[in-house]
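Right, one structure below, let's go through it.
From a predicted model like this one, the values you see are computed outputs, not experimental measurements.
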Amino acid sequence: MRKYFFTLSIFLLASFVTCAQGKWSIALHGGAGSASVNMTKEQITVYETELLKSLEIGKEMLKNGSTALDAVEAVVVSLENNPLFNAGKGAVANSEGFHELDAAIMDGSNLKAGAVAGVRDVKNPVKAARLVMDSTAHVLLISEGASAFAKQMGLEIVDNNYFTVDKKVKQQSDKGTVGCVALDVYGNLAAATSTGGMRVKKWGRVGDVPIIGAGTYANNNTVAVSGTGHGELWIRRVVAFDISALMEYKGLSLEEAANKVIFNKISPMGGSGGGVIAVDKNGNISLVFNTSLMHRAWAKSNGEQGADVLKK
């Protein structure tokens, strides 16, 4: 019996070591849009520095064996707390001057998902989305109901003016929806996205971010996707799921599928454009956008890493 338990222990230890040495990939974005003609090298450097700080959080977690789900949540929380982006602190205001926030998260291993929309007082909406997924039988909670749930679950509740930042930073963050996708060492994919929505949007407007399959999607069979851009178009084209479907049903590569959706399907629709970040089941990363900039950063277990703002 002792020999059996010893052998079993060695087997479990070996399995853990194998997983811990597995490959991982991660990508994040801080929104897409039109580059300001006045955007200086210093401003670009600031954004790249902040993106890399958030990237480091996810990298360390994945390197140490954390799940993709935990990693994408942690990265998005860090971006929600950064006033440079249009999510959490720094979220833009609607037509009535209030901040209404949306977020979603999805687990590619079981297709479970959680989302919140139109919340005005939850400091970190992505945490609420995770709790919707983990602690309810639902996928999407909205407005006062979502806030009441978050409060009941012990999340930090803040005054709506917490999300307001000074005018200079606010102007810089108009296009800054945030998101993260990852593949962990266990072969699982996850995606998370958070936003304050369109500036001066109508009260109650909800974009693509909390709509599973539009702005957020993850499936271990294919890909994890987080989108940023003109949300109404992302909803109508079901962008994130479409990329997955093209890969699963037509056998397209990640890059082929992402390019087809963004340039052949979204671009002809007009609007203000946008992009996606995506990681497939093999760890390939795609960062595709049809605007002049997308704040983005990425890393792989093989040492590849980078951060960019403008289109190359």
Quiz item: Between Lys265 and Asp242, is the closest basic N to carboxylate O distance under 4.0 Å?
Solution: yes

Practice problem: Taking Ser54 for its side chain and Leu51 for its backbone only, find out whether a donor-acceptor pair lies under 3.5 Å. | Solution: no

Quiz item: Distance from Tyr186 atom OH to Ser109 atom OG, nearest 0.5 Å?
Solution: 12.5 Å

Exercise. Kindly write out the residues that satisfy salt bridge (charged side-chain N to carboxylate O under 4.0 Å, His left out) with Glu256, not counting sequence neighbours, or none if the list is empty.
Key: none

Quiz prompt | Joint cluster assignment, Leu246 & Met269, ILVMFWY side-chain distance < 4.5 Å | solution = yes

Self-check item: Under 3.5 Å: donor-acceptor pair, side chain of Arg120, backbone of Phe98
Solution: no

Quiz item: Hey, are the side chains of Leu310 and Ile44 touching, using non-hydrogen atoms and a 4.5 Å cut-off?
Solution: yes

Exercise. Assess the side chains of Asp107 and Asn188: does a donor N or O sit below 3.5 Å from an acceptor N or O?
Key: no

Self-check item: Parallel, tilted or perpendicular: rings of Phe241 and Tyr249 (30°, 60°)
Solution: perpendicular

Quiz prompt | Closest heavy-atom pair and its distance - Val223, Ala278 | solution = CG2-CB, 3.8 Å

Self-check item: Heavy-atom donor-acceptor pair, Asn82 side chain to Leu84 backbone, under 3.5 Å
Solution: yes

Quiz prompt | Donor-acceptor pair, side chain of Ser66 and main chain of Leu62, under 3.5 angstrom | solution = no

Quiz prompt | Atom pair CH2 (Trp203) and CG (Asn94), whose distance is rounded to the nearest 0.5 Å | solution = 9.5 Å

Self-check item: Atom pair CD1/CG of Ile212 and Leu140 - distance to nearest 0.5 Å
Solution: 8.0 Å

Self-check item: Val122 and Ile157, any side-chain heavy atoms less than 4.5 Å apart
Solution: yes

Exercise. Could you please spell out the steps behind the side chain to side chain donor-acceptor pair (under 3.5 Å) verdict for Asp121 and Ser147?
Key: CA-CA 7 Å; Asp121 57 2; Ser147 293; 2.7 Å; yes

Self-check item: Distance in Å, Met153 CE paired with Asp134 CG, rounded so as to fall on 0.5 Å steps
Solution: 8.5 Å

Quiz item: Shortest non-hydrogen contact from His29 to Thr228?
Solution: CE1-CB, 3.5 Å

Quiz prompt | Co-membership, hydrophobic cluster, residues Leu52 and Tyr47, 4.5 Å side-chain | solution = yes

Quiz item: Are side-chain heavy atoms of Ser253 and Met247 found at a separation under 4.5 Å?
Solution: no

Quiz item: Below 4.5 Å, heavy atoms only, C-beta onward: do Lys89 and Lys123 meet side chain to side chain?
Solution: no

Quiz prompt | Side chain proximity check, Thr216 to Ile105, heavy atoms < 4.5 angstrom | solution = no

Quiz item: Roughly how far, to the nearest 0.5 Å, is the NZ atom of Lys300 from the CG atom of Leu183?
Solution: 10.5 Å

Quiz item: Would the number of heavy atoms belonging to other residues, nucleotides or ligands and lying under 6.0 Å from NZ of Lys311 be above 12?
Solution: yes

Exercise. Report the residue from Val132, Leu131, Val119 that forms a side chain to side chain contact (heavy atoms under 4.5 Å, CB included) with Leu141.
Key: Val132

Practice problem: Measure from the side-chain N and O atoms of Lys59 to the backbone N and O of Gln305, and report whether any donor-acceptor pair falls under 3.5 Å. | Solution: no

Quiz item: How far apart are the C-alpha atoms of Arg205 and Glu232, what are their side-chain angles, what is the distance that settles it, and do they pass the salt bridge (charged side-chain N to carboxylate O under 4.0 Å, His left out) test?
Solution: CA-CA 10 Å; Arg205 178 264 186 185; Glu232 281 72 12; 2.9 Å; yes

Quiz prompt | Worked verdict on Ile266 versus Val239 for side chain to side chain contact (heavy atoms under 4.5 Å, CB included) | solution = CA-CA 8 Å; Ile266 288 294; Val239 164; 3.7 Å; yes

Quiz item: Is any NZ, NE, NH1 or NH2 atom of the basic residue among Glu56 and Lys53 found under 4.0 Å from an Asp or Glu carboxylate oxygen of the other?
Solution: no

Quiz item: Hey, is the main chain of Lys127 close enough, under 3.5 Å, to the side chain of Asn124 for a donor-acceptor pair?
Solution: no

Quiz prompt | Closest contact, heavy atoms only, Gly273 versus Thr291 | solution = C-CG2, 3.8 Å

Quiz item: Does Lys260 come within less than 4.0 Å of Glu255, counting only side-chain N to carboxylate O?
Solution: no

Quiz prompt | Sidechain-backbone polar pair: Lys23 side chain, Gly187 backbone, donor-acceptor under 3.5 Å | solution = no

Practice problem: Dump the intermediate steps for side chain to side chain donor-acceptor pair (under 3.5 Å) on Asn290 and Ser267, then the final yes or no. | Solution: CA-CA 7 Å; Asn290 63 5; Ser267 290; 2.9 Å; yes

Quiz item: When clusters are formed by joining ILVMFWY residues with side-chain heavy atoms under 4.5 Å apart, either directly or through shared neighbours, do Leu254 and Ile262 land in the same one?
Solution: yes

Quiz item: When you measure from the side chain of Asn284 to the backbone N and O of Asp280, does any donor-acceptor pair fall under 3.5 Å?
Solution: no

Quiz item: What are the two closest non-hydrogen atoms of Val178 and Ser226, and how far apart are they?
Solution: O-OG, 4.5 Å

Self-check item: Working for side chain to side chain contact (heavy atoms under 4.5 Å, CB included), residues Met198 and His230
Solution: CA-CA 8 Å; Met198 286 186 168; His230 192 152; 3.2 Å; yes

Quiz item: Leu189 versus Asn219: any side-chain heavy-atom pair under 4.5 Å?
Solution: no

Quiz item: Backbone N or O of Thr177 within a donor-acceptor pair of the Thr195 side chain at under 3.5 Å?
Solution: no

Practice problem: Give the cluster check for Ile277 versus Phe289: same hydrophobic cluster or not, with ILVMFWY residues linked at side-chain heavy-atom distances below 4.5 Å. | Solution: yes

Quiz item: Can you find a side-chain donor-acceptor pair between Asn302 and Glu304 that sits under 3.5 Å?
Solution: yes

Quiz item: Any side-chain heavy-atom pair from Asp308 and Trp298 closer than 4.5 angstrom?
Solution: yes

Quiz item: Take atom NZ in Lys201; do more than 12 heavy atoms of anything else shown fall under 6.0 Å from it?
Solution: yes

Quiz item: Backbone N or O of His138 within a donor-acceptor pair of the Thr136 side chain at under 3.5 Å?
Solution: yes

Practice problem: Evaluate side chain to side chain donor-acceptor pair (under 3.5 Å) for Glu248 paired with Thr222, printing each intermediate quantity in order. | Solution: CA-CA 6 Å; Glu248 184 170 11; Thr222 51; 5.2 Å; no

Practice problem: For side chain to side chain contact (heavy atoms under 4.5 Å, CB included), just list the numbers for Val116 and Asp102, CA-CA rounded to whole Å, side-chain angles, deciding distance to a tenth of an Å, and then say yes or no. | Solution: CA-CA 6 Å; Val116 293; Asp102 308 330; over 6 Å; no

Quiz item: Which pair of heavy atoms, one from Leu69 and one from Met133, lies closest together, and at what distance?
Solution: CD2-CE, 3.5 Å

Quiz item: Between Val46 and Leu28, is there a shared hydrophobic cluster once you connect ILVMFWY residues whose side-chain heavy atoms come closer than 4.5 Å?
Solution: yes

Quiz item: Should Arg130 and Asp70 count as an ion pair when the cut-off is N to O under 4.0 Å?
Solution: yes

Quiz item: Rounded to the nearest 0.5 Å, what separation is found between the CD atom of Glu60 and the CG atom of Asn64?
Solution: 6.0 Å

Quiz item: Is there side-chain contact between His99 and Tyr162, with heavy atoms separated by less than 4.5 Å?
Solution: no

Quiz item: If you take all heavy atoms of Ala87 and Ser194, which pair is closest and at what distance?
Solution: CB-O, 3.5 Å

Quiz item: For Ile285 and Leu287, what are the C-alpha separation, side-chain angles and deciding distance, and is it a side chain to side chain contact (heavy atoms under 4.5 Å, CB included)?
Solution: CA-CA 7 Å; Ile285 293 175; Leu287 312 158; 4.0 Å; yes

